[in-house]
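Reviewing the structure listed below.
Quantities reported herein were computed from a predicted structural model and do not represent experimental measurements.
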Amino acid sequence: MNDLAMRLAALDPEMAAALRAVGHFDALLTARAGLADVVRGAAELVGCPVRFVDTGRGLVVRARPDGAGGAAPDPDPAWARTGVEGTGGELVLERPGPAGTRDAVVLERGAAAVATVLDRTRRGRPGADPASVEVVLDAAAAPADRLAAARRLGLTGPARAVALADGRWAVTGAGEPLPGGIRCGTGPAVPVHELPGSADLAALALRLTAEGTPEDPGPRVVHADGVGTVLLLVRAADDAPPPPDVRALDAAAAAGPWVLTTLDAVATTASQRDAAKALHLHHSTLQDRLQHAEQLLGWAVRDPAGRLRLQLALHLRRAARSRRVFRSGTAQR
């Protein structure tokens, strides 16, 4: 809070509460909070229940300031409210207006936060409602709300969460194709009530993707159920400095763009001969490159143990590079 804001807050408690509201919603968006988190945050700030309502889609996301449940009262036309841009919905404070300074700021900033959250999920499914995608992936959503959102999305069986590299999310049925041409991580296909867990794993899988360029070789799509326990290593590595093998890869990469592409090909193909074909190299040229790369790394990559070591180092290097952008967990939605 700057000096002017502090002086205004000292003169007017309502202004102080309004300024706290601005900071609260900014923090939620920075943390890539979900729709339910934004509505719950608004309720805590104003001290009364708050709901986001889109009657056209049959969607209601409601929260009380104490987090408790209970039956929702019928809507009252006298309640303070504001429209949410880009949707047919409204953010509503469950008490009569007119809104004071604090309530007006909460309505304005809360509605803007809701619009931002829904825009992140705009690519949920072809023709999908972003609010429903947000609810179906939100671990804090009530089970009944998640099932209703799944019905609106047309999910009739197991589905999977898909984390897209642009920060958006998708939900696809188990047998449906992925969004085309987009770098992404996918979670396992699970029943609807387990989709938040699928989203957790999809976010981790996204961190193992790459641009597919010489500077960043690797897969543009990674399936969580295809990498298994590697995801556990990614989580564990987040709490520690980069391991020596990752540092060795970074140092070796400085020798030239051929290093990473060569090592990635060796790590991901069935044989060195297949790796040479993938790189469009003669087999003897590949051997020369590998000999040089092994000297740079400090370990052999042409035996089974060394190849496994290389595979894990490449995974952890991608995860470390993407840590600042693709953070794991549903809070990053």
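- With hydrogens and angles ignored, the 3.5 Å screen pairs a side-chain donor or acceptor of Ser198 with a backbone N or O of Pro188.
- Trp79 contributes atom CH2, which lies 12.0 Å from atom CZ of Arg95 (distance to the nearest 0.5 angstrom).
- Leu310 is listed as a side-chain neighbour of Leu249, based on a closest heavy-atom distance under 4.5 Å.
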Working note: Arg207 + Asp238, criterion side chain to side chain contact (heavy atoms under 4.5 Å, CB included); need CA distance, chi angles, decisive distance, verdict. CA-CA 12 Å; Arg207 293 183 54 196; Asp238 278 347; 2.8 Å; yes

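- The backbone N or O of Pro217 sits less than 3.5 Å from a side-chain atom of Arg318, completing a donor-acceptor pair.
- Considering CG of Leu233 and CG of Leu312, their distance stands at 6.0 Å, rounded to 0.5 Å.
- Nearest approach of Pro65 to Pro49, heavy atoms of both residues: CD-N, 3.7 Å.
- By the neighbour-count criterion of 12 heavy atoms within 6.0 Å, atom CD of Gln311 is densely surrounded, having more than that number from other residues, nucleotides or ligands.
- Connection of Val246 to Leu260 is not established within any shared hydrophobic cluster, with ILVMFWY side chains joined at heavy-atom distances below 4.5 Å, either directly or through further cluster members.
- Pairing each heavy atom of Trp169 with each of Val133, the nearest pair is O-CG1, 4.3 Å.
- Residues Asp225 and Arg160 are not paired through a salt bridge, judged by the lack of any N-O separation under 4.0 Å between the basic side chain and the carboxylate.
- Across all their heavy atoms, Ala248 and Trp299 have their closest contact at CB-CZ3, 4.0 Å.
- Annotation: side chain to side chain donor-acceptor pair (under 3.5 Å) contacts of Thr229 (sequence neighbours excluded): none.
- Linking ILVMFWY residues whenever their side-chain heavy atoms come closer than 4.5 Å, directly or via other members, leaves Leu308 and Leu290 in distinct clusters.
- Rounding to the nearest 0.5 Å gives a distance of 5.5 Å between CG of Asp216 and CZ of Arg183.
- A heavy-atom distance below 4.5 Å is not found between the side chains of Lys277 and Thr269.
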Full working for side chain to side chain contact (heavy atoms under 4.5 Å, CB included) between Asp145 and Val61: CA-CA 8 Å; Asp145 292 340; Val61 178; 5.8 Å; no

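- Between Ala161 and Leu137, the shortest heavy-atom contact is CB-CD2, 3.7 Å.
- Within the 3.5 Å criterion, the main-chain N or O of Val92 finds no donor-acceptor partner in the side chain of Arg81.
- Looking only at side-chain heavy atoms (C-beta outward), Asp250 and Arg317 come within less than 4.5 Å of each other.
- Val106 is connected to Leu28 through a chain of hydrophobic side-chain contacts under 4.5 Å among Ile, Leu, Val, Met, Phe, Trp and Tyr, so both are in one cluster.
- Between Leu286 and Ala275, the shortest heavy-atom contact is CD2-CB, 4.0 Å.
- Within a 6.0 Å radius of CD in Gln287, more than 12 heavy atoms belonging to other residues, nucleotides or ligands are found.
- Taking all atoms of both residues into account, the shortest heavy-atom contact from Leu314 to Ala267 is CD1-CB, 3.7 Å.
- Remark: Glu294 engages Arg302 in a salt bridge, criterion side-chain N to carboxylate O under 4.0 Å.
- For the pair Asp37 and Arg40, the salt-bridge criterion is met [side-chain N within less than 4.0 Å of a carboxylate O].
- In the hydrophobic clustering of ILVMFWY residues, with side-chain heavy atoms under 4.5 Å counting as a link, Leu147 and Leu195 come out together.
- Once rounded to the nearest 0.5 Å, the distance linking CD of Gln272 with CG of Leu281 reads 12.5 Å.
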Determine, stepwise, if the pair Arg109 / Asp26 fulfils salt bridge (Lys or Arg N to Asp or Glu O under 4.0 Å). CA-CA 9 Å; Arg109 301 292 292 207; Asp26 286 347; 2.8 Å; yes

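- A distance of 11.5 Å separates CG of Leu35 from OG1 of Thr116, quoted to the nearest 0.5 Å.
- Here the side chains of Arg146 and Val136 are in contact, with some heavy-atom distance below 4.5 Å.
- You'll find the side chain of Glu134 stays beyond 4.5 Å of the side chain of Val38, heavy atoms only.
- Electrostatic pairing of Asp54 and Arg152 does not count as a salt bridge here, judged by no charged N lying under 4.0 Å from a carboxylate O.
- Remark: side-chain polar atoms of Arg273 are not paired, donor with acceptor, to backbone N or O of His283 under 3.5 angstrom.
- Contact check for Pro75 versus Val53: no side-chain heavy atoms found under the 4.5 Å cut-off.
- Expressed to the nearest 0.5 Å, how far SG of Cys48 lies from CZ of Arg64 amounts to 11.0 Å.
- Neither Val39 nor Val22 shares a network with the other; the hydrophobic side chains, linked directly or stepwise wherever heavy atoms of I, L, V, M, F, W or Y lie under 4.5 Å apart, form separate groups for each.
- The side-chain heavy atoms of Val266 and Leu263, taken from C-beta on, include no pair separated by under 4.5 Å.
- A heavy-atom distance below 4.5 Å is not found between the side chains of Leu316 and Val230.
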